[in-house]
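Take a look at the structure set out below.
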Amino acid sequence: MKPFDFVQPRSARDAVAQWGPDAAYLGGGTNLVDLMKTGALQPARVIDVTRLPGLDRIEVAADGAVRIGALVRNADLARDADFAVRAPMVAEALLAGASGQLRNAATLGGNLMQHTRCPYFMEPDAACNRRAPGTGCDAIGGAWDNAAILGHAPSCIATNPSDLCVPLAALDAVVEVEGPDGARDIALEELHRLPGDAPERETTLAPGELIVALRLPAEAAAFAGHARYLKVRERTSYAFALVSAAAAMRLEGGRIAEARLALGAVAAKPWRARTAEKMLAGQPPGPDLFARAAEAALAGAAPAEGNGWKIDLARRTAARALAAAAAGTPERMPALPASPFSLSEDLSHA
Ligand code: SF4
């Protein structure tokens, strides 16, 4: 491993001040350290932010909005009973990701900032425009077919691997950042970038900006009674998604008053399907409607590298997630036998 400076600031402001060329913030280390070990990433300075005070809290505001500190561990957020009641599909996505050990270490901020799992990105000897701008893209014509089907470019066909970001995008989460020019908010949906001609710019964060918290608006709880995250993967645990879908809806008088739908592992960012959401609003739920909405969600899809199968899989996953959401959030998540999901009356029928 290449030698690097290691600093442990005691405040977010100090952390930002420590930023410099080739610096990296370190949270749980479940992604960055792996990439440093292989040599795929070689930061000159590692800024350990795990000691920053006050970023490990889950706080509920008077209006019902939830603020989650960037250092809250994935496992702690998923197992927070009050949070699971307010945002069950976020908890479901968290528990669908990685392994128990990794969820105990991984942080919210780190999850949002994790890199693609494109195997050529992780292999330092491979050509990769995202890791080494201008070198090319060995995934094109390579041996990896879990590439993007939406929003990809000739420069890069990678996907964002996060489960967590998918329901967060659907629920209009907002990211709070501190940076050299002060604090600002970024809609989660705007945090990750499509590759375009600059795939090395994975997010819209400016150099040195640090995620300090994430806010879920109070309105997110209105979807708690009909919300599911469905992840399709090659094995039932410890695997990244082939495709995933976060689906939620508010039902009123037997019709869908409002719907939310986002897809995961299909693009370099969580993919909010707003056209499908509009199509669902005002309609009585049913399989034909869900099939048409899923078709609309994938309308612009194109296979990147022999992965046309992903388009059909994503369509079916979206339709199935919508059907599962319409059926109602279960008190116990089938994929999570130990999870204590139990919806209170006021939230489940809001
Ligand atoms: Fe790199 Fe993107 Fe090509 Fe993968 S798909 S090798 S991340 S440029």
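All residue numbers in this chain count up from 1 along the given sequence. Remember, it's 1-based here, ligands and their atoms both numbered in the order they're listed. Not measured: the values here are computed from a predicted model.
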Original post:
Hey, is E295 close enough to R315 for a salt bridge, meaning N to O under 4.0 Å?
Top reply: yes
Original post:
For atom 5 (S) of ligand 1, what is the nearest protein heavy atom, given as residue, atom name and distance?
Top reply: I157 N, 3.2 Å
Subject >> Closer than 2.8 Å to atom 1 (Fe) of ligand 1 - protein N, O or S atoms, ordered by chain and residue number >> reply: C128 SG
**OP:** Ignoring hydrogens and angles, state whether a donor on the side chain of H115 or E202 is under 3.5 Å from an acceptor on the partner side chain.
**Re:** yes
Original post:
Side chain of R67, backbone of R215: donor and acceptor closer than 3.5 Å?
Top reply: no
Original post:
Can you list the atoms of ligand 1 that are under 4.0 Å from a heavy atom of S155?
Top reply: 8 (S)
Subject >> Lys/Arg-Asp/Glu bridge criterion (N-O < 4.0 Å) met for R193, E200 >> reply: no
Subject >> Partner residues of L230 under the side-chain contact (heavy atoms from CB on, under 4.5 Å) criterion, sequence neighbours left out >> reply: T317, R320, A321
Subject >> Side-chain donor-acceptor contact under 3.5 Å, D48 with Q8 >> reply: yes
Subject >> Whether R131 side chain and Y120 backbone form a donor-acceptor pair below 3.5 Å >> reply: yes
